[in-house]
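Below: one structure, written as structure tokens.
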Amino acid sequence: MKKIPSFHHLQEHVSLFLTVIQLSIILFVFIPPINAQTKLMTISGPNDWTDLISFLPNAKMAGISVWVSLLPPSQSPPICPTCNYSEPYRLDFISWAKEIANLSLRYSNLTGYTIEDLQENLNLGYIRQTYIDSMIVTSKSINTRLQFITTLPNIYYIGKNATGNGSGSSWANAHLYRTFDWTTVNGGDTVYFDGGSSGLTYNNIPYIQNVKPASQIVITKGNDAGHNGTVTFTPYDSTTGWAFQLNTCSNIKLTGLTFKCLLTAVATETKILYLKQGYYNVVDNCTVESGGDGSGIVLNTEYQDTVKNCTITIDDNSNPNYQDAMRFEYGAGGHVVINNYIVMNGSNPIPHKDILQTTGIGSVYNYQTVFANNFVYIFAPQADETQGLFFADFTSGLSNRFLVYNNIFVMDAWHNNQPIIVKNTAGVGQQSLRVFNNTIVLGDNSTARFLMIGNLDTLIAKNNIVVADSGIQFVYGLYDDASNYSNITYKDIDYNQLWAKGGIGTKMYGGGAFYYTFGAWKTYLQSIGAVGYDANSDTSSVSFVNKWGTNATDYKLVNGSTGVNTGVDLSNIIPATDILGRNRPQGGWHKGALEP
């Protein structure tokens, strides 16, 4: 009889596309956010139009969107005799709409245009609403995606010292960062922190609270010369507990910033970058560093946040503190961790030096938490129970889906070295785990394990490479309270490359009294109805470009290595790219995180 997958497994193969149709009773369309990736160019000089045309292709290559701003009648002759026109079409806004729309067809990064001080000019009768209507119809008839912007978002400039009138309207009038009123910032706005010419450190910033715009706010470092040095946030003293905190905030993007805690003997664990009781927040292209007295990024009672393109480092240290690179505490989950470089060092023997630990996350919505395209390097020769991903301590009635793919885990630690764990208690929600195309290198101990699980609803593991360079305790592990793999409702385990120094022997499966050879393991999986049972897996060694290297490219399989062209096509489940973004397959679909 054909086995019917569990409901939660069926959810893994269903993508829910929600189309939100926004109906507006006003004339103008939705205003897209302007931020560090959008440049507003005002046409106010005789060469500005030609300069714009020259700038657009380079901006497109750099991923920069462009808006065009035109001078209104109030800022042009004859009303303002000393002012310039927007050349060459001056106050003929119908012609401007036509030419800008035609240009936007050539360069898709030209996404919007506006007239400065529009509402004031409408109020004064310098422009009529019917004329604006005709202008919009003209541009839409050429490019429906080009938007006429009615209200420009604000840009704020803040620094360690107030300048000029302190309004925050420019670097010449920068606002003092300690007294900046974050509640005045609206969706689409950008806040620039002054980095000076060679970097500035901020160590006494009040936490940002209760900022919940409808669209994204960007907080970043200055991008102008003299203000674009590194912006670093550190705790004020050993009692602060964080270097930067968002509290009850949503739709905030932190990008291009640095967060550090290099203090010693702190009173409590420092949560260096601390996001609390919010949602839809993004940490992008940031640097987070701990000297050993703090955890890197902590999300507390958050949901659906994103951490991407970041460098997170725990420095070499002997401090006996919690030192998680990331921790997700409570909240509904559904976070995305992607394209990060994470390094954890240290000689301290305390347990649980984790790359990512979760505590109490989950929801009735069964959100999916993603860990993908990350390079993880752990060198902690005295650490006990060093984990890569430790998904545990779930809340009764709440569920999660975990998707782990295209990661490289290089873990050199003393004892109980485990890259992926899901520890659930029977009857506490439904938890599922899917593990695809990861490259895992374990060393310095013979008590390493590939997967440690307990009480899952769904387990799928395919195309993974596991190299246990100092031996292995067992490949697939069980917690004592998990009974055995027959209790997993849906299981599909196949096309994996599993190798341990000295051979796996009878160490395929451990937990309680269960120990199997590779052949017996496959027979066991088949007997309990696993869809895949490592039938196409292999226990031969693989050849990397540079095993134990510190770069992702070190873990390419060399030509002719086992694992090349021997994976299964997973393009219907995960993106058809490797950890570096290169298309899969190159020939056949390879095992591990990299295409050769």
Hey, does the side chain of Y192 reach the backbone of I158 with a donor-acceptor pair shorter than 3.5 angstrom? no
Heavy-atom closest pair (S74 atom, C80 atom, distance to 0.1 Å) is O-CB, 3.7 Å
- Query: Is the backbone N or O of F328 less than 3.5 Å from a side-chain atom of T358, with the two atoms forming a donor-acceptor pair by type?
  - Reply: no
- prompt: Does one side chain, of N203 or T234, offer a donor that lies under 3.5 Å from an acceptor on the other?
  reply: no
Strictly distance-based, threshold 3.5 Å: is any side-chain N or O of R401 a donor or acceptor partner for the main-chain N or O of N366? yes
- Quick one: does E595's side chain have a donor or acceptor within less than 3.5 Å of a partner on Q586's backbone? yes
* To do: Indicate whether any N or O donor in one side chain lies under 3.5 Å from an N or O acceptor in the other, for N285 and N309.
  => no
Exercise. Answer yes or no: is there a side-chain heavy-atom contact under 4.5 Å between I132 and F148?
Key: yes
Note to self: Is a donor from one side chain sitting under 3.5 angstrom from an acceptor on the other, for D133 and T130?
What the structure shows: no
Q) Are any side-chain N or O atoms of T232 and backbone N or O atoms of T201, one a donor and one an acceptor, separated by less than 3.5 Å? A) no
Side chain to side chain donor-acceptor pair (under 3.5 Å) filter on D224, not counting sequence neighbours, yields W171
task: Take the angle between the ring planes of Y367 and Y303 and call it parallel below 30°, perpendicular above 60°, tilted in between.
output: parallel
Which donor-acceptor pairs under 3.5 Å do side chains of residues 112-119 form with protein atoms, sequence neighbours excluded?
residue : atom : partner : partner atom : Å
Y113    : OH   : S139    : OG           : 3.0
T114    : OG1  : I149    : O            : 2.6
E116    : OE2  : T42     : OG1          : 3.4
E116    : OE2  : S69     : OG           : 3.1
D117    : OD2  : Q75     : NE2          : 2.6
Q119    : NE2  : N123    : OD1          : 3.0

For this session: For the residue pair F93 and Y131, categorise the inter-ring angle as parallel (less than 30°), tilted (30 to 60°) or perpendicular (more than 60°).
Result: perpendicular
- Query: Should the ring pair F375 and Y341 be called parallel, tilted or perpendicular, given that the plane angle runs from 0 to 90° and is split at 30 and 60?
  - Reply: parallel
- Task: Check whether more than 12 heavy atoms from other residues, nucleotides or ligands sit under 6.0 Å from atom OH of Y156, and answer yes or no.
- Result: yes
In short, salt bridge (charged side-chain N to carboxylate O under 4.0 Å, His left out) pairs touching residues 79-100 with sequence neighbours left out are E87-R90
Exercise for review: Indicate yes or no for a side-chain donor-acceptor contact from N84 to the backbone of G45 under 3.5 Å, with no hydrogens or angles considered.
Suggested key: no
Walk me through it: do L594 and N437 pass the test side chain to side chain contact (heavy atoms under 4.5 Å, CB included)?
CA-CA 8 Å; L594 281 158; N437 274 103; over 6 Å; no
Next on the checklist: Between K253 and D284 (salt bridge meaning N to carboxylate O under 4.0 Å), is one present in this structure?
Outcome noted: yes
Any donor-acceptor pair under 3.5 Å from N251 side chain to K212 backbone
no
Q) Crowded around R582 CZ? As in, over 12 foreign heavy atoms under 6.0 Å? A) yes
Polar side-chain atom of T111 near backbone of S65 as donor-acceptor pair, under 3.5 Å:
no
inquiry  = Please determine whether side-chain hydrogen bond (donor to acceptor under 3.5 Å, both in side chains) holds for the pair R584 and N463, giving the CA-CA distance in whole Å, both sets of side-chain angles, and the decisive distance to 0.1 Å.
reply    = CA-CA 13 Å; R584 294 185 189 267; N463 290 354; over 6 Å; no
Practice task
Show the numbers, then the answer: is there a side chain to side chain contact (heavy atoms under 4.5 Å, CB included) between I205 and F233?
Solution key: CA-CA 8 Å; I205 180 171; F233 297 95; 4.1 Å; yes
**Request:** Check the side chains of N340 and N374 for a donor-acceptor pair under 3.5 angstrom, ignoring hydrogens and angles.
**Result:** yes
May I ask you to decide if L146's main-chain N or O and K140's side chain share a donor-acceptor pair within less than 3.5 Å?
-> yes
Self-check item: Between T553 and N551, a side-chain donor and acceptor under 3.5 Å
Solution: no
Between Y207 and Y274 (judged by ring centroids, cut-off 6.0 Å), do the two rings come close enough to count as a pair?
no
Checklist line | N165 side-chain N/O to S167 backbone N/O, donor-acceptor pair under 3.5 Å | finding: yes
Taken to the nearest 0.5 Å, the spacing of E302 CD from C249 SG works out to 8.5 Å
(Q) Is the distance from the ring center of W242 to that of F244 below 6.0 Å? (A) no
